[in-house]
Every structure is written in C-alpha cells, then in structure tokens.
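First the structure, in the form of structure tokens, and then the observations on it.
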Amino acid sequence: QVQLVQSGGGLVQAGGSLRLSCAASGRTLSSYTLGWFRQAPGKEREFVSAIRWNGGSTYYAHSKGRFTIPRDSAKNTMFLQMNSLNPEDTAVYYCAASSRYLAWSISDYDYWGQGTQVTVSS
C-alpha cells in the first residue's frame with residue numbers, strides 16, 4: 001500500500017504560480033511512477049505529468065513547459081510546480097502512484113491522493 005497526502009492549491013490570478021505537494025508513505029518508491037492528473041468541472045480526469053521515481057525521468061502532457069515535477073527523494077515528496085497559470089488550468093488536481101514503468105492513463109495507477117482544488121481567476 002502507498003498512502004498519498006496532498007497539500008497546496010488554492011486561488012490564484014491568471015499568470016500566477018502555484019506549487020502542489022504529494023507526500024508518499026507506506027512503501028519504497030523506487031519501483032513506482034508517480035503522476036499528476038486533473039479534473040475540470042464537467043470534464044474527464046486527464047493526465048498532467050509523471051515522474052519515474054528511480055532515475056527521475058519525467059513525462060508531461062500538454063502543459064507547454066509551464067509545469068514541472070520536482071521531487072524531494074529524502075522526504076518521498078513530489079511536487080507540481082505550475083507557472084503562467086490560466087483559467088483553463090482550473091481543476092481538482094490529484095497525485096497518484098503506479099507500479100508500472102510507464103503510466104499515462106487513470107487505469108495504470110493503483111493509489112490516489114485526496115485531490116486539491118486549483119482555481120485560476122481571469
């Protein structure tokens with residue numbers, strides 16, 4: 001079992017930045033991929049980014065370089081650094097953990113955080 005606890009989020013103006021955190025516990029993460037998803041109102045949950053914990057390889061969806069996914073290995077914590085935010089980024093953001101080497105879809109992930117709201121005002 002992997003437990004994921006999220007923090008961060010909130011309200012920000014367009015053009016601003018936010019940093020989300022996802023603290024993992026319960027198992028060593030060396031064989032896991034950790035990812036971020038988001039779900040906007042009325043839309044399906046979509047992949048945002050992921051990091052292979054062992055090696056640090058990162059993968060991104062259509063964030064056009066605005067998002068990065070740093071981590072603190074000593075604290076088993078992953079972050080989502082979001083810059084140049086726009087109202088289309090408004091969503092509930094979820095972190096998740098997958099035992100697969102490459103994990104892009106919701107069904108690839110076994111464990112989920114509680115979600116955190118990000119609201120970007122225009």
Interatomic distance, Ile51 atom CD1 to Arg71 atom CZ [nearest 0.5 angstrom]: 4.5 Å
Taking every non-hydrogen atom, the tightest pair across Ala50 and Ala103: CB-O, 4.3 Å
Between CD1 on residue Ile106 and CZ on residue Phe47, distance to nearest 0.5 Å: 11.5 Å
Pair Thr58-Ser49, side-chain contact (heavy atoms from CB on, under 4.5 Å): steps then yes or no: CA-CA 7 Å; Thr58 55; Ser49 64; over 6 Å; no
Any donor-acceptor pair under 3.5 Å from Ser98 side chain to Arg100 backbone: yes
Verify same cluster id: Val12, Trp36 (apolar side-chain graph, 4.5 Å): yes
Distance-only donor-acceptor pairs under 3.5 Å for side chains of residues 17-31, two or more places apart:
| from | atom 1 | to | atom 2 | distance (Å) |
| --- | --- | --- | --- | --- |
| Ser17 | OG | Asn83 | OD1 | 2.9 |
| Arg19 | NE | Gln81 | OE1 | 3.4 |
| Arg27 | NH1 | Tyr32 | OH | 3.1 |

OG1-CD distance between Thr116 and Gln6, expressed to the nearest 0.5 angstrom: 6.0 Å
Distance (rounded to the nearest 0.5 Å) between Leu102 CG and Arg52 CZ: 8.0 Å
Common cluster, Trp53/Tyr101, ILVMFWY with side-chain heavy-atom separation under 4.5 Å: no
For the student: nearest non-hydrogen atoms of Ala14 and Ser122, plus distance: CB-CA, 4.3 Å
Spacing of CH2 belonging to Trp112 relative to CG belonging to Leu4, to within rounding of 0.5 Å: 10.0 Å
Residues forming a salt bridge (charged side-chain N to carboxylate O under 4.0 Å, His left out) with Asp89, sequence neighbours excluded: Arg38, Arg66
Min side-chain heavy-atom separation Gln117-Thr90 under 4.5 Å: yes
Heavy-atom check, side chain of Tyr59 versus side chain of Ile69, under 4.5 Å: no
Heavy-atom closest contact (Val118 atom, Gly9 atom, distance): CG2-CA, 4.1 Å
Beyond-backbone contact of Leu11 with Ser121, side-chain heavy atoms, under 4.5 angstrom: yes
Hydrophobic cluster identity match, Phe67 and Phe37, side-chain contacts under 4.5 Å: no
Check: Leu34 and Tyr109 side chains under 4.5 Å, non-hydrogen atoms: no
Summary of ring-ring contact (aromatic ring centres under 6.0 Å, His included) pairs that have at least one residue in residues 69-99, sequence neighbours excluded: none
